[in-house]
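Before any comments, here is the structure.
Note on naming: letters A, B, ... go to the chains in the order of the sequence lines (proteins, then strands), and numbering restarts at 1 for each one.
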Amino acid sequence: MSTAVKKPGFLAERANYLDERVGVAGILKEFGRKVFPDHWSFMLGEVALYSFLVLLLSGTFLTFFFQPAMTPVIYDGAFGPLKGAEMSVAYESTLNISFEVRGGLLMRQVHHWSALLFVAAAGLHMLRVFFTGAFRKPREMNWIVGVVLFVLGMAGGFTGYSLPDDLLSGNGLRIIDGMIKGVPIAGSYISSLLFGGEYPGTAIVARLYGLHILLIPALILVFIVVHLFMVVIHKHTHYSGPGRKDTNVVGYPLMPVYVAKAGGFFFIVFGVIMLVAATITINPVWNYGSYDPSPVSAGTQPDWYIGWADGALRLAPSHLETYWFGYTWSWNILLPIIVLLVFLVLVGAYPFIEKWVTGDEREHHVLDRPRNAPTRTAIGAAGVTFYAVLWAGAATDLLATNFRLSLNQVLTTMQILLIVAPFIAFFVTKRICLSLQRKDQAIVLHGRETGRIVRMPHGEYIEVHEPLDKYEMWKLVDFKDYKPTLARPNAEGKITVSARLRAAVSRFYFEDRIAPVTAGELAAAHSHGHEEHAAIEAPKAEKAPAKKAAAKKPAAKKASAKK
Amino acid sequence: MAFMKRTGGRNKLAAVMVIAAGLLVTGGGYAVATTVANPGQSAEYTQAQIEEGKKLFAANCASCHGKNAEGTGNAPSLIGVGAASVDFQVGTGRMPGQASGPQMYKKDVQFTQEQIDALAAYVASLAPGPAVPEAQYLETNGNTTRGGELFRINCAMCHNAVGAGGALTEGKFAPALTGVESKHIYEAMLTGPQNMPVFNDANLTPQDKKDIISYLKFVEKNPSAGGYELANLGPVVEGLFAWVFALGGIIAITIWLGAKSN
């Protein structure tokens with residue numbers, strides 16, 4: 001070959017320079033060759049990440065013009081119906097961003113829309129992770145990091161919502177103040193410390209601003225880094241398919257494929273946010289006027305991610321105060337707070353609960369199809385329903401007026417649904433999952449129904465079934481099957497209460513189950529009465545018209561052949 | 001007149017008479033004073049209008065409100081509600097009522113303005129009451145800043161900060177204020193129709209009312225600087241939009257991206 005030593009090019013030289021100093025080759029080798037599988041549902045977390053980047057960019061722009069002070073001023077800006085009104089500097093600067101700063105209103109709307117999208121995408125990403133079982137070992141800790149991120153997202157959103165110091169944000173803050181004051185004994189002290197005296201005081205906007213632009217985004221960034229770092233450590237999960245195992249990842253490497261794809265996707269998400277922000281009004285602060293503790297506007301609601309907390313407050317029965325130890329315990333406030341906290345703790349603890357039930361110490365990198373974990377999917381559906389009713393509870397007034405219903409009846413209906421609907425969702429979802437599993441089982445054993453009816457020489461009608469190819473079949477049979485465990489005695493020969501409890505929960509989880517089709521069952525299904533079909537199911541077979549009624553008979557026959 | 005002849009001690013009814021006389025003088029005097037001092041009043045009605053109104057009333061209203069507007073079990077007395085109340089209720093199509101319920105809905109107006117004026121004349125002739133406002137208070141050149149502040153303090157808790165409407169208890173509601181004539185907004189404040197409280201001229205002066213109307217008309221005429229308003233219903237609708245259209249649109253794109261590689 002060529003003997004002349006080739007002079008390294010410009011890029012190669014720079015790369016070498018960097019490699020000698022910071023070891024960039026090693027980093028690239030480690031990160032650049034990380035393999036990511038392709039699936040649309042794996043992009044939801046990315047959407048959240050990109051929304052957060054947009055939040056950082058637009059938020060930085062807003063800090064250039066926003067002044068977090070509650071000093072009173074007389075407005076003399078461009079918006080007519082507030083000219084001459086007394087307001088805080090914070091509200092005035094928000095109005096100036098909206099009406100005077102070039103591109104300010106667009107940036108405000110970009111910031112607000114991307115905040116809504118950030119939490120929404122994160123929530124949907126959580127649901128994807130939950131329903132596919134991606135939280136199982138080794139990813140339990142990352143699930144907790146995700147839950148923390150979701151809560152931080154809510155905190156970031158709420159502190160931002162309260163900054164403009166308009167009527168809407170003040171009303172929202174008043175509710176939080178009420179919730180804090182509802183905490184027994186310490187409540188009034190916490191409120192006093194937070195607001196620097198009696199609500200609303202003159203300090204809260206500056207304090208929330210510090211949290212909103214410094215502490216919370218910094219925490220979110222740190223947790224995002226931890227979150228992504230763990231994704232790299234664990235490798236990405238993938239859906240079941242030929243060649244996809246718990247010991248590998250099938251997909252494309254980060255460099256160059258996913259760097260390009262993800263980079264492009266960032267601009268798509270950014271583009272969608274820009275499109276929405278440029279055309280749809282969000283939080284028209286000028287409509288609400290300066291904050292004044294006396295007025296409250298009808299239709300005062302928090303942003304969607306705080307909606308479930310607002311709903312919990314609305315749905316709590318009133319007149320639940322008790323007077324203990326010289327303090328008033330406002331259960332109409334404490335009960336919703338407890339419900340919200342318990343819900344979040346249960347969500348965070350779920351991977352550990354499920355692991356305790358299954359006792360499964362294996363690593364899982366192949367995702368479950370939701371139907372193949374019926375009880376988990378049903379629990380998830382119940383949780384989603386519970387959340388959704390709380391969420392809808394925040395909109396009782398709008399539901400009442402826009403659908404011409406009685407507000408009181410809407411409220412009562414929601415209270416009942418909050419308790420009943422999760423149970424209904426659980427049973428319906430579990431039955432649907434089991435039915436889908438049975439359908440899969442039938443398809444594996446007998447192939448897909450083609451709708452082609454053939455009459456046999458001896459007069460029998462059969463429907464021709466098209467056998468599955470190996471790849472499709474793999475997807476339908478490759479899932480883990482757990483059986484209920486028994487309460488076993490421990491080393492001392494005792495059956496402990498916790499062992500009994502675990503056995504009971506295990507029975508609840510895995511009593512109803514459809515086992516994956518085994519090779520033996522498959523062979524048995526194919527050997528039974530299928531010899532004569534084989535000739536027909538060959539490609540050259542002609543279509544034989546027949547009555548639909550006739551099709552049912554062989555189907556029933558096959559079902560019996562299964563046993 | 002037996003009681004007149006008794007000289008020993010005061011008559012039993014004397015105290016009642018004195019109280020009645022006192023109430024009559026102060027109440028009547030107050031009514032006269034407020035009526036006279038009410039600068040929102042206008043329009044004298046002719047006898048012909050009252051006659052015409054009486055006929056219309058007998059044909060369209062009497063079945064619920066009684067032959068002499070004295071009220072029945074189904075509907076309140078209209079004696080003393082004034083012309084403003086009639087002009088609002090009939091002029092916005094709420095009356096004649098279509099069906100009983102928590103609240104009367106707006107519907108197509110059933111009468112011409114002449115007929116409504118005649119009905120108002122008849123009801124106003126029964127007893128003094130708030131009259132239809134003068135045109136000078138219906139112009140929209142008032143102080144919108146003041147109007148906005150008054151609106152937020154007095155009206156927004158039911159009608160929403162920009163008059164998009166809101167819910168009350170048991171199926172009652174505060175309607176949206178967009179597309180409502182200035183005259184009707186004024187009359188509603190003055191008479192407190194349905195579940196609305198009365199904001200009389202001592203509470204909100206005619207100038208205050210004018211400022212509120214100016215504010216509402218400003219909001220109505222000037223579309224949001226930020227783009228489509230989503231009916232001004234606030235964060236619920238914004239959240240719904242974010243989930244369905246923003247996130248929904250992005251998911252559609254992810255599915256498209258995912259499908260291409262498969």
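- Of the residues considered (A/Leu44, A/Leu124, A/Ile273), A/Leu124 shows the highest number of contacts with chain B, using heavy-atom pairs under 4.5 Å.
- For A/Phe42, no part lies under 4.5 angstrom from a heavy atom of chain B.
- Among A/Ser294, A/Gly84, A/Pro302, A/Ala400, the residue making the largest number of heavy-atom pairs under 4.5 Å with chain B is A/Pro302.
- Counting non-hydrogen atoms of neighbouring residues, nucleotides and ligands closer than 6.0 angstrom, the CD atom of B/Gln110 exceeds 12 such neighbours.
- Without hydrogens or angle criteria, A/Thr281 side chain to B/Tyr228 main chain gives a donor-acceptor distance under 3.5 Å.
- Listed options A/Leu167, A/Leu117, A/Asn402, A/Val119 were ranked by heavy-atom pairs under 4.5 angstrom with chain B; first place goes to A/Leu117.
- Smallest separation of non-hydrogen atoms from A/Ala298 and B/His159: CB-N, 4.3 Å.
- Residues B/Glu238 and A/Pro284 approach most closely at OE2-CD, 4.1 Å, considering heavy atoms.
- Minimum interatomic distance between A/Tyr288 and B/Gly234 (heavy atoms only, all atoms of both residues): OH-CA, 4.0 Å.
- Chain B forms more heavy-atom pairs under 4.5 Å with one residue of A/Gly80, A/Pro295, A/Pro81 than with any other, namely A/Pro81.
- In plain terms, the two heavy atoms of B/Ala225 and A/Phe99 that are nearest each other are CB-CE2, 3.9 Å.
- Residue A/Leu105 touches chain B through its side chain alone, counting heavy-atom pairs closer than 4.5 Å.
- Taking both residues in full, the closest heavy atoms of B/Ser224 and A/Trp286 are given as OG-CZ2, 3.4 Å, listed atom of the first, atom of the second, then distance.
- Of the two parts of B/Leu240, neither the backbone nor the side chain holds a non-hydrogen atom closer than 4.5 Å to a non-hydrogen atom of chain A.
- Highest contact tally toward chain B, considering only A/Val276, A/Leu116, A/Asn287, is held by A/Asn287 [criterion: heavy-atom pairs under 4.5 Å].
- With a 4.5 Å cut-off on non-hydrogen atoms, A/Phe265 touches chain B through its side chain but not through its backbone.
- No cation-pi contact links A/Arg404 to B/Phe173, judged by a cut-off of 6.0 Å to the six-membered ring centre and 45° from its axis.
- Residues meeting the side-chain hydrogen bond (donor to acceptor under 3.5 Å, both in side chains) test with B/Glu220, sequence neighbours left out: B/Lys217.
- Looking only at side-chain heavy atoms (C-beta outward), A/Trp304 and B/Val236 stay at 4.5 Å or farther from each other.
- Across A/Ile282, A/Asp292, A/Val269, the residue that shares the most heavy-atom pairs under 4.5 angstrom with chain B is A/Ile282.
- Note that CD1 of B/Ile251 is 11.5 Å distant from CE of A/Met43, once rounded to the nearest 0.5 Å.
- In this structure, chain A has heavy atoms under 4.5 Å from both the backbone and the side chain of B/Leu247.
- Contacts between A/Gln109 and chain B at a heavy-atom distance below 4.5 Å involve the side chain alone, from C-beta outward.
- Contact tally against chain A (heavy-atom pairs below 4.5 Å) for B/Ala156, B/Gly226, B/Gly227: the top residue is B/Gly226.
- Here side-chain hydrogen bond (donor to acceptor under 3.5 Å, both in side chains) pairs that include residues 81-96 of chain B, with residues two or more places apart or in two chains, are B/Asp87-B/Gln113, B/Asp87-B/Lys183, B/Thr92-B/Arg94.
- By a heavy-atom distance cut of under 4.5 Å, B/Thr144, B/Thr145 are the residues of residues 143-151 of chain B near chain A, going up by number.
- Of residues 407-414 of chain A, those residues with a non-hydrogen atom less than 4.5 Å from any non-hydrogen atom of chain B are, in numerical order, A/Leu407, A/Asn408.
- Atoms CG and CE, on A/Asn171 and B/Met157 in that order, are 9.5 Å from each other to the nearest 0.5 Å.
- Contact of the B/Pro235 side chain with the A/Leu168 side chain is registered, since non-hydrogen atoms from C-beta on lie closer than 4.5 Å.
- At a 4.5 Å heavy-atom cutoff, the contact between A/Ile280 and chain B is made by backbone and side-chain atoms alike.
- The line from OG1 of B/Thr169 to CG of A/Asp397 is 12.5 Å long, rounded to the nearest 0.5 Å.
- In the displayed structure, A/Phe267 atom CZ is contacted under 6.0 Å by at most 12 heavy atoms of other residues, nucleotides or ligands.
- By the 4.5 Å heavy-atom criterion applied to side chains, B/Ile253 and A/Val272 are counted as neighbours.
- Between chain A and the residues B/Ala161, B/Gly166, B/Cys155, the most heavy-atom pairs under 4.5 angstrom are made by B/Ala161.
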Please evaluate residues B/Phe241 and A/Trp113 with respect to the criterion side chain to side chain contact (heavy atoms under 4.5 Å, CB included), reporting the C-alpha separation (whole Å), side-chain torsions for both, the decisive distance (0.1 Å), and the verdict. CA-CA 10 Å; B/Phe241 190 91; A/Trp113 279 118; 3.7 Å; yes
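- In this structure, chain B has a heavy atom under 4.5 Å from the side chain of A/Phe79, while its backbone stays farther away.
- The distance from atom CG of B/Asn160 to atom OG1 of A/Thr300, rounded to the nearest 0.5 Å, is 8.0 Å.
- Ranked by heavy-atom pairs under 4.5 Å with chain A, the list B/Gly101, B/Gly239, B/Pro102, B/Gly171 is led by B/Gly171.
- Interface residue B/Asn232: only side-chain heavy atoms are found under 4.5 Å from chain A.
- Looking only at heavy-atom pairs under 4.5 Å with chain A, the residue among B/Tyr105, B/Trp243, B/Phe218 that has the most is B/Trp243.
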